[in-house]
Amino acid sequence: TQADALRTWFAEHVEIEPRLGGSYRFWGKHTYGVPGPDDASQILTAFEPNNRLAFKWDFDGVESEVDLGVAAITMDDGEAGAELKGRHDFAAPLKMGRAAELVDDLWKIHCGNLMCHLQGIDGVTLPDFADTAPRVRASTLVDAPRETVWKALMTPERLATWMWAENAVVEPRVGGKYSYGWNYKYGERQVEGGPTKILDMVENEKLVTDWPDWRGDENVPVQRVTWLLSEEDGKTRVTVLHEGFTRTADISDYPFGWLEFLNNLKDLCEEQ
């Protein structure tokens with residue numbers, strides 16, 4: 001509800017009148033479908049401080065309403081926390097392809113950024129909806145030699161430790177199978193998630209894999225993930241690039257997932 005905070009994790013430009021019927025305008029390159037102020041007409045339809053807010057949003061020409069509620073909870077460690085729940089309802093079907101997936105991915109981005117902002121984590125990734133070639137880039141510095149990091153990338157037992165891999169398979173050659181063994185259900189579809197094969201590799205330097213759509217939609221172009229290892233001040237700079245998205249919203253919560261996996265990788269390798 002504070003414009004300065006929203007500009008940090010949500011939108012490039014924000015104007016708020018914190019009252020029922022007040023404006024809740026946001027626009028700019030970080031907002032889907034609202035590049036300029038003339039397109040921003042969002043208004044508050046509910047405003048209950050510390051509890052609930054809702055706002056109207058003309059979303060791709062379709063009237064919609066976002067309803068967000070906050071409740072106090074007790075965390076697993078006994079500390080006080082908060083739970084955010086929301087709905088995004090539409091007056092008519094959206095006209096773009098994979099509409100439900102776009103809205104779902106959009107809120108995964110926003111909620112991930114909100115969590116990073118609130119927890120003070122250096123991971124806020126504001127999407128640029130004007131970008132014609134969106135990608136995710138994450139990096140960390142590991143206090144371990146490149147050989148140790150490479151082993152963590154190429155050993156099934158180690159992948160199980162930091163990548164939550166189950167029955168991982170690694171055939172260390174171009175064209176070889178590379179799988180985390182992820183298997184889950186999305187809707188009515190059974191999905192084998194994550195990469196399937198190695199596209200390119202240079203030992204101790206680079207690993208490139210494919211990355212099919214995580215929802216198992218074969219109509220979505222296969223993406224690619226690149227791991228780069230470079231020496232930096234006696235340590236190893238690990239960079240992951242996730243590319244091949246057809247639209248910016250498709251980056252979903254990948255920035256936050258890759259950041260978590262990089263932190264897991266760092267912890268594992270520095271324990272060696």
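These numbers come from the heavy atoms of this one structure, side chains and all, not from hydrogens, waters or symmetry mates. FYI, the numbering just counts along the sequence from 1. Quick caveat: nothing in here was measured; it's all calculated off a predicted structure.
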Verify whether one side chain among [X] and [Y] offers a donor that lies under 3.5 Å from an acceptor in the other.
X: Asp4; Y: Thr8; result: no
X: Tyr178; Y: Asp210; result: no
X: Tyr254; Y: Trp211; result: yes
X: Thr31; Y: Glu12; result: no

Return yes if some donor-acceptor pair links the side-chain N/O of [X] with the main-chain N/O of [Y] below 3.5 Å, else return no.
X: Ser230; Y: Leu228; result: no
X: His242; Y: Val136; result: no
X: Thr236; Y: Ala144; result: yes
X: Trp162; Y: Phe261; result: no
X: Ser64; Y: Phe59; result: no
X: Glu270; Y: Asp143; result: yes

Looking at every non-hydrogen atom in both residues, tell me the closest pair between [X] and [Y] and how far apart they are.
X: Asp77; Y: Glu79; answer: OD1-N, 2.9 Å
X: Ala3; Y: Ile16; answer: N-CD1, 4.0 Å
X: Ser252; Y: Lys108; answer: OG-CD, 3.0 Å
X: Thr246; Y: Pro221; answer: CG2-CG, 3.5 Å
X: Ala99; Y: Leu94; answer: CB-CB, 3.8 Å
X: Thr196; Y: Pro212; answer: CG2-CG, 4.0 Å

Are [X] and [Y] close enough for a salt bridge, meaning some N to O gap below 4.0 Å?
X: Asp105; Y: Arg98; result: no
X: Glu147; Y: Lys151; result: no
X: Asp104; Y: Arg215; result: yes
X: Lys95; Y: Asp60; result: no
X: Asp131; Y: Lys29; result: no

Legend entry - Residue pair Val174, Met201: steps toward the side-chain contact (heavy atoms from CB on, under 4.5 Å) verdict: CA-CA 7 Å; Val174 174; Met201 61 175 285; 4.1 Å; yes
Which value, rounded to the nearest 0.5 Å, describes the distance between [X] atom [atom1] and [Y] atom [atom2]?
X: Ile109; Y: Asp253; atom1: CD1; atom2: CG; answer: 8.5 Å
X: Leu153; Y: Leu265; atom1: CG; atom2: CG; answer: 6.0 Å
X: Leu102; Y: Thr248; atom1: CG; atom2: OG1; answer: 9.5 Å
X: Ile73; Y: Leu84; atom1: CD1; atom2: CG; answer: 10.5 Å
X: Leu262; Y: Asp267; atom1: CG; atom2: CG; answer: 11.0 Å
X: Glu17; Y: Ser23; atom1: CD; atom2: OG; answer: 3.5 Å

Would one find more than 12 heavy atoms of other residues, nucleotides or ligands at under 6.0 Å from atom [atom1] of [X]?
X: Asp233; atom1: CG; value: no
X: Glu218; atom1: CD; value: no
X: Glu166; atom1: CD; value: no
X: Asp58; atom1: CG; value: yes

With heavy-atom distances below 4.5 Å as the criterion, would you say the side chains of [X] and [Y] are in contact?
X: Val191; Y: Lys185; answer: no
X: His88; Y: Val66; answer: yes
X: Val225; Y: Val240; answer: yes
X: Asp217; Y: Tyr186; answer: no
X: Thr209; Y: Leu207; answer: yes
X: Thr226; Y: Lys206; answer: yes
X: Trp164; Y: Asn264; answer: yes
X: Arg19; Y: Leu44; answer: no

Cluster question for you: counting only ILVMFWY and a side-chain heavy-atom cut-off of under 4.5 Å, with indirect links fine, are [X] and [Y] together?
X: Trp214; Y: Ile251; answer: yes
X: Leu53; Y: Met115; answer: no
X: Phe245; Y: Met96; answer: no
X: Leu106; Y: Leu6; answer: yes
X: Trp150; Y: Val208; answer: no

Legend entry - Aromatic centroids of Phe55 and Phe26 separated by under 6.0 Å: yes
Legend entry - Aromatic ring proximity, centroids under 6.0 angstrom, Phe10 and His117: no
Inset, instruction - Report the C-alpha distance between Trp227 and Trp258 in whole Å, list the side-chain angles of each, state the deciding distance to 0.1 Å, and finish with yes or no for ring-ring contact (aromatic ring centres under 6.0 Å, His included). - result: CA-CA 11 Å; Trp227 296 87; Trp258 286 123; 5.6 Å; yes
Inset, instruction - Kindly confirm or rule out a cation-pi arrangement of Arg25 over Trp27, judged by NZ or CZ under 6.0 Å from the six-membered ring centre and within 45° of its axis? - result: yes
Legend entry - Sole candidate of Trp107, Trp57, Phe129 that passes ring-ring contact (aromatic ring centres under 6.0 Å, His included) when paired with Tyr32: Phe129
Inset, instruction - In sequence, state the C-alpha distance, the side-chain angles, and the governing distance for Tyr24 and Phe47, and then conclude on ring-ring contact (aromatic ring centres under 6.0 Å, His included). - result: CA-CA 11 Å; Tyr24 194 78; Phe47 188 78; 8.6 Å; no
Inset, instruction - Mind checking side chain to side chain donor-acceptor pair (under 3.5 Å) for Glu171 and listing every partner two or more places apart, or none if nothing turns up? - result: Arg173
Inset, instruction - Before giving the answer on side-chain hydrogen bond (donor to acceptor under 3.5 Å, both in side chains), spell out for Thr45 and Glu65 the whole-Å C-alpha distance, their side-chain angles and the decisive distance to 0.1 Å. - result: CA-CA 8 Å; Thr45 55; Glu65 183 176 42; 2.5 Å; yes
Inset, instruction - Look at the aromatic rings of Tyr180 and Trp182 and report parallel, tilted or perpendicular, splitting at 30° and 60°. - result: tilted
Legend entry - Verdict with reasoning, Asn183 to Gln190, per side-chain hydrogen bond (donor to acceptor under 3.5 Å, both in side chains): CA-CA 7 Å; Asn183 198 294; Gln190 196 66 35; 2.6 Å; yes
Inset, instruction - Apply the test side-chain contact (heavy atoms from CB on, under 4.5 Å) to residues Leu159 and Met154: give CA-CA distance (whole Å), side-chain angles for both, the deciding distance (0.1 Å), then the verdict. - result: CA-CA 8 Å; Leu159 285 170; Met154 303 300 289; over 6 Å; no
